[in-house]
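The next block holds one structure in the form of C-alpha cells; read it before the comments.
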Amino acid sequence: MLALGLLAVAAATTPPPDDPARIERRRAVLAREVDLASTGEPYLLLDPASRTLALYRRGVVLRSWSYLRADVGRPRVAFFRRAAPEPWTGRIWSDGELEPSRVARHVEVRVDTAAPDARPAEEVVPGTPEETYPAPDRFFLRFGEPFALEVRAVAPGREAVPDDRWDPLALRPREARGTRLRLWMPADEAGALYRALPDGIPLLVLEP
C-alpha cells in the first residue's frame with residue numbers, strides 16, 4: 001500500500017468553493033447524511049477537515065473521537081500500486097464489523113462451601129471498561145465492500161510515522177484488493193472508539 005496524507009492531497013486538488021461540480025458533490029453527500037439520519041440507527045461520520053470521527057443517531061452526535069492524521073492505502077500488487085479504486089469519499093459504507101471482535105474479560109470467584117474453612121465470597125467490584133474490553137493497538141472496521149477503516153493507537157509522547165510500504169499486512173490478498181483508510185489516534189481515543197463501536201454500523205466519509 002502507498003500512504004498518502006489526506007490533507008496534503010486536498011490542498012493540491014480541491015477546486016474553488018463555487019465550483020459547480022463541488023457543489024453538486026456536497027449536495028449529494030448531504031442527501032446521504034439525511035438518509036443515514038432517517039433510519040434511526042447509529043452511524044459514523046468521518047470529517048477530514050476537523051480530524052474527527054463521530055458517532056451519530058438521527059443527526060445528533062452521541063460521541064466523537066479525534067485523530068492525529070489519516071493515510072490512504074491503495075490496492076497493490078506486490079509493491080506496485082494498482083489502478084485507482086472506485087471513489088470512497090462521499091459514499092456510505094455499510095455493515096462495518098470490528099476485527100478483532102470485542103471479547104470481554106470475566107472474573108469468576110468460586111467458594112467451596114463444603115470445605116471446613118469456607119468463607120463467604122467477597123464482593124467483586126466490576127472492572128472498568130478498559131479492563132473488561134482491552135483494546136488492541138491496531139484494529140479494523142471492515143465493510144462488505146472492499147474498504148476498511150484501520151485504527152492505529154499512538155502512545156503518549158510518541159509521534160505517528162505512517163509508512164506501511166514494508167508492512168506484511170499490505171501484501172495479504174484481502175488488503176491488496178481494497179482501499180484502507182488508516183487513522184492514527186491517541187491511545188485513549190482509539191481504545192474508547194474500539195469499545196463504543198456497534199456491530200454493523202455504516203460509515204460516511206466526507207470529502208477533504
Side-chain angles (χ1 to χ4, degrees), residues 1-6 9 36 41-48 51-56 62-79 81-82 84-105 129-130 132-155 158-206 208:
M1 286 190 169
L2 179 63
L4 297 175
L6 281 179
V9 173
L36 287 171
E41 299 296 326
Y43 59 94
L44 289 172
L45 193 66
L46 192 147
D47 185 2
R51 294 186 182 181
T52 58
L53 177 65
L55 178 66
Y56 281 78
L62 302 179
R63 178 74 187 271
S64 64
W65 302 269
S66 61
Y67 62 87
L68 302 173
R69 64 178 297 173
D71 305 299
V72 182
R74 302 294 189 186
R76 296 177 60 162
V77 176
F79 292 102
R81 185 173 57 175
R82 289 182 176 179
E86 293 295 324
W88 50 272
T89 60
R91 60 175 293 184
I92 297 174
W93 298 96
S94 56
D95 301 325
E97 298 292 340
L98 270 177
E99 180 188 307
S101 58
R102 286 187 296 264
V103 178
R105 287 181 178 174
E130 292 78 8
T132 305
Y133 293 100
D137 293 335
R138 181 183 200 177
F139 61 90
F140 299 84
L141 188 62
R142 296 192 182 278
F143 300 88
E145 302 86 350
F147 180 79
L149 182 70
E150 178 187 358
V151 177
R152 298 291 295 271
V154 180
R158 297 188 61 182
E159 294 184 356
V161 185
D163 184 357
D164 69 348
R165 287 175 294 178
W166 311 111
D167 183 0
L169 178 70
L171 302 181
R172 296 178 184 176
R174 186 176 188 179
E175 308 298 335
R177 65 173 179 264
T179 297
R180 178 158 41 114
L181 174 60
R182 180 170 56 183
L183 303 182
W184 294 83
M185 280 187 167
D188 56 344
E189 291 279 86
L193 173 64
Y194 180 78
R195 287 181 287 273
L197 287 177
D199 292 331
I201 192 167
L203 167 70
L204 175 62
V205 182
L206 301 182

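The figures that follow rest on heavy atoms only: side chains count, while hydrogens, waters and symmetry mates do not. This chain uses plain numbering: 1 for the first residue, then up along the sequence.
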Report task. Take E97 and D199 through the side chain to side chain contact (heavy atoms under 4.5 Å, CB included) test and state the conclusion after the steps. Result -> CA-CA 6 Å; E97 298 292 340; D199 292 331; 3.8 Å; yes

Query raised in the report: Should the heavy atoms of other residues, nucleotides or ligands under 6.0 Å from CG of D188 be counted, would the total exceed 12?
Result: yes

**Report entry** Residues in side-chain contact (heavy atoms from CB on, under 4.5 Å) contact with A54, at least two apart in sequence or another chain
**Finding:** Y56, V61, S64

Query raised in the report: Taking the six-membered ring for Trp, are F147 and W93 parallel (under 30°), tilted (30 to 60°) or perpendicular (over 60°)?
Result: parallel

Query - Euclidean distance, R69 CZ relative to M185 CE, rounded to 0.5 Å - result: 14.5 Å

Query raised in the report: Looking at W65 and A196, what are the two nearest heavy atoms and their distance?
Result: CZ2-CB, 3.7 Å

Query - Nearest-0.5 Å distance, CG of residue L181 to CG of residue L203 - result: 8.0 Å

**Report entry** Which residues share a side-chain contact (heavy atoms from CB on, under 4.5 Å) with D47, sequence neighbours left out
**Finding:** A49, S50, T52, L206

Query raised in the report: How many angstroms lie between CG in L44 and CD1 in I92, if you round to the nearest 0.5 Å?
Result: 12.0 Å

**Report entry** Partners meeting side chain to side chain donor-acceptor pair (under 3.5 Å) with S66 (sequence neighbours left out)
**Finding:** E189

**Report entry** Minimum heavy-atom distance L55-P42, with the two atoms named
**Finding:** CD1-CB, 4.0 Å

Report summary line: In this structure, CZ of R63 is separated from CG of L193 (nearest 0.5 Å) by 8.5 Å

Query raised in the report: Which heavy atom of P202 sits nearest a heavy atom of L36, and at what distance?
Result: CG-CD2, 3.9 Å

Report summary line: For E41 and Y43 the tightest heavy-atom approach is O-CD2, 3.5 Å

Query raised in the report: If you round to the nearest 0.5 Å, how far is OH of Y67 from CG of L53?
Result: 8.0 Å

Report task. Give me the one residue out of D71, V151, L149 that meets side-chain contact (heavy atoms from CB on, under 4.5 Å) with R182. Result -> D71

Query raised in the report: Under 4.5 Å between any side-chain heavy atoms of P100 and F139, yes or no?
Result: yes

Query raised in the report: Is there a donor-acceptor pair closer than 3.5 Å between any side-chain N or O of R152 and the backbone N or O of W184?
Result: no

